[in-house]
Amino acid sequence: MIFSEYSKYSKERPVISFEIFPPNTTKGMENLYNVISDLAQLGPDYITVTYGAMGSTRDKTLEIATLIKDKFGVDSACHLTCVGSSRSELDTILSLIYDAGIRNIVAIRGDPPSGESTFIPPEDGYKYGSELVEHIRAFEAGRQLKGYFGIAVGGYPEKHLEASDIETDIENLKLKIEAGADIVKTQLFFDNSYYFDFVDRVRRKGITVPIIPGLMPILSAKQIERITSMCGSSIPDELKNKLDEVEGDDCKERNIGISQCIKQASELLDSGVPGLHFYVLNKSEHMKEIIQSLGVGSYKQNSDKYALNKP
């Protein structure tokens with residue numbers, strides 16, 4: 001599928017997608033091949049591949065996205081950021097993505113380099129995600145490829161770390177939509193009330209594109225504490241207390257995380273969300289349990305509730 005057709009697909013059933021990242025080692029790549037094989041059997045609509053810090057894995061990003069599409073027959077999306085690329089370099093990357101037959105791009109500004117508190121754009125590059133979206137659309141126009149790429153952008157139910165407040169953050173999101181983005185994929189969250197409030201605020205601003213909740217199943221308490229500290233997401237007290245009670249027991253932490261994800265995803269599906277995007281951390285076993293329990297993907301259940309994709 002292409003992101004610009006997301007609403008069409010989600011009227012039939014929830015769109016299911018996974019996100020993986022390029023490993024830095026040969027062994028990691030070998031392991032990821034097996035993970036992708038497992039994930040593909042779960043019947044996702046697409047799999048996204050992230051971008052390394054300072055563009056360090058951008059070649060692998062395209063390599064993996066192409067592998068997903070060509071070897072496993074699953075639609076894929078390349079992440080693309082403003083980090084480390086001039087405008088001409090972005091054109092080169094976009095040409096490679098196009099030549100590979102990839103139709104979807106996740107366009108985000110990217111994080112400041114490690115140790116830096118503010119984002120400094122590269123020479124002849126961009127500072128904002130909205131500018132990157134505009135560049136992609138200009139690239140299409142210059143090559144008479146209008147509408148070729150589907151574009152997803154990021155949304156932040158608990159606001160971006162650098163935003164002064166949630167309303168300012170949503171105004172920035174609106175700029176990305178006006179620049180030509182097709183869908184919004186949210187940052188991870190563990191309290192669905194943040195997502196529902198975010199959607200309400202976004203709709204009041206006149207943004208009508210699909211807002212896809214992003215979920216990260218907890219596999220390790222220490223790992224999720226590190227991740228949430230970096231992205232600004234919070235862990236509800238009840239969930240944190242459960243994890244604290246089994247601290248150091250990897251199996252119990254994992255079970256709590258999977259149960260939390262299933263409960264959270266079930267509530268979201270019952271509310272009629274257009275789809276679910278899972279940050280799978282390059283693992284697949286836990287996703288088999290989650291997808292099977294939810295009855296989506298390869299375990300699809302036909303239900304009228306999945307036709308509730310309302311703007």
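Proximity of Lys242 to Gln260: side-chain heavy atoms (C-beta onward) are nowhere separated by under 4.5 Å. A heavy-atom distance below 4.5 Å is found between the side chains of Leu145 and Phe139. Within the 4.5 Å cutoff, side-chain heavy atoms of Ile170 are placed close to those of Phe198. Within the 4.5 Å cutoff, no side-chain heavy atoms of Ser76 are placed close to those of Ile20. A heavy-atom distance below 4.5 Å is found between the side chains of Tyr33 and Lys71. Counting only heavy atoms from C-beta outward, the side chains of Leu243 and Glu225 never approach each other to under 4.5 Å. For the pair Ile211/Arg203, a side-chain contact is recorded, criterion being any heavy-atom separation below 4.5 Å from C-beta on. With a 4.5 Å cut-off on side-chain heavy atoms, Ile212 and Thr186 do not count as touching.
For Phe72, the CZ atom sits in a packed shell: over 12 heavy atoms of surrounding residues, nucleotides or ligands are nearer than 6.0 Å. In Tyr279, the OH atom is crowded: over 12 heavy atoms of neighbouring residues, nucleotides or ligands sit closer than 6.0 Å.
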Exercise for review: Determine, stepwise, if the pair Asp45 / Arg13 fulfils salt bridge (charged side-chain N to carboxylate O under 4.0 Å, His left out).
Suggested key: CA-CA 11 Å; Asp45 292 278; Arg13 53 175 175 73; 2.8 Å; yes

Practice item. List the steps and the verdict of salt bridge (charged side-chain N to carboxylate O under 4.0 Å, His left out) for Glu247 and Lys222. Key: CA-CA 9 Å; Glu247 183 179 2; Lys222 288 184 178 180; 5.9 Å; no

Practice item. Apply salt bridge (charged side-chain N to carboxylate O under 4.0 Å, His left out) to the pair Lys288 and Glu285, showing each step before the final yes or no. Key: CA-CA 5 Å; Lys288 292 179 184 179; Glu285 287 301 315; 3.2 Å; yes

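The two atoms that bring Asn282 and Asn31 nearest to each other are O-ND2, 4.2 Å, heavy atoms only. Contact detail for Ala221 and Glu253: the closest heavy-atom pair is N-OE1, 3.2 Å.
No hydrogens or angles considered: a donor-acceptor pair under 3.5 Å links the side chains of His277 and Ser17. Side-chain N/O atoms of Asp124 and Ser86 include no donor and acceptor closer than 3.5 Å.
With hydrogens and angles ignored, the 3.5 Å screen pairs a side-chain donor or acceptor of Glu140 with a backbone N or O of Phe149. Side-chain N or O atoms of Asp182 include none that pairs as donor or acceptor with a backbone N or O of Val209 at under 3.5 Å. Judged purely by atom type and a 3.5 angstrom limit, Ser95 uses its side chain to pair as donor or acceptor with the backbone of Asp91. With Lys159 contributing its side chain and Glu167 its backbone, the two residues share no donor-acceptor pair below 3.5 Å. Judged purely by atom type and a 3.5 angstrom limit, Glu19 has no side-chain atom pairing as donor or acceptor with the backbone of Thr48. The backbone N or O of Asp237 sits less than 3.5 Å from a side-chain atom of Asn241, completing a donor-acceptor pair. Looking at Ser85, its side chain never comes within 3.5 Å of a backbone N or O of Thr81 through a donor-acceptor pair. Checked by atom type and distance alone, the side chain of Arg103 pairs as donor or acceptor with a backbone atom of Tyr148 at under 3.5 Å.
Annotation: side chain to side chain donor-acceptor pair (under 3.5 Å) contacts involving residues 289-298, sequence neighbours excluded, comprise Arg254-Glu289.
A salt bridge is defined here as a Lys NZ or Arg NE, NH1 or NH2 lying under 4.0 Å from an Asp or Glu carboxylate O, and Lys174 with Asp169 fails to meet this definition. Glu131 has no carboxylate O lying under 4.0 Å from a charged side-chain N of Arg109, or vice versa, which leaves the two without a salt bridge. No salt bridge links Lys60 with Glu63; every basic N to acidic carboxylate O contact stays at or beyond 4.0 Å. With respect to the salt-bridge test (charged N to carboxylate O, under 4.0 angstrom), the residues Asp200 and Arg204 do not qualify.
The hydrophobic cluster containing Ile166 also contains Phe196, counting ILVMFWY residues as joined when their side-chain heavy atoms lie under 4.5 angstrom apart, directly or transitively. Side-chain heavy atoms closer than 4.5 Å link hydrophobic residues (I, L, V, M, F, W, Y) into clusters, and following such links, even through other members, never connects Tyr156 to Leu188. Met216 and Tyr51 are not part of a single hydrophobic cluster, where members link through side-chain heavy atoms under 4.5 Å apart. Residues Leu219 and Leu42 do not share a hydrophobic cluster, defined by chaining ILVMFWY side chains whose heavy atoms lie under 4.5 Å apart. Put simply, Ile2 and Ile177 are part of two different groups of oily side chains (I, L, V, M, F, W, Y) that touch within less than 4.5 Å, one to the next.
Under the ring pair (Phe, Tyr, Trp, His ring centres under 6.0 Å) test applied with Tyr46, the options Phe3, Phe18, Phe278 reduce to a single match, Phe3.
Partners of Glu158 according to the salt bridge (charged side-chain N to carboxylate O under 4.0 Å, His left out) rule, which considers only residues two or more places apart in sequence or in another chain, do not exist here.
For Phe189 and Tyr195, the gap between ring centers is short of 6.0 Å.
Atoms OG and CZ, from Ser229 and Arg226 in turn, are 7.5 Å apart once rounded to the nearest 0.5 Å.
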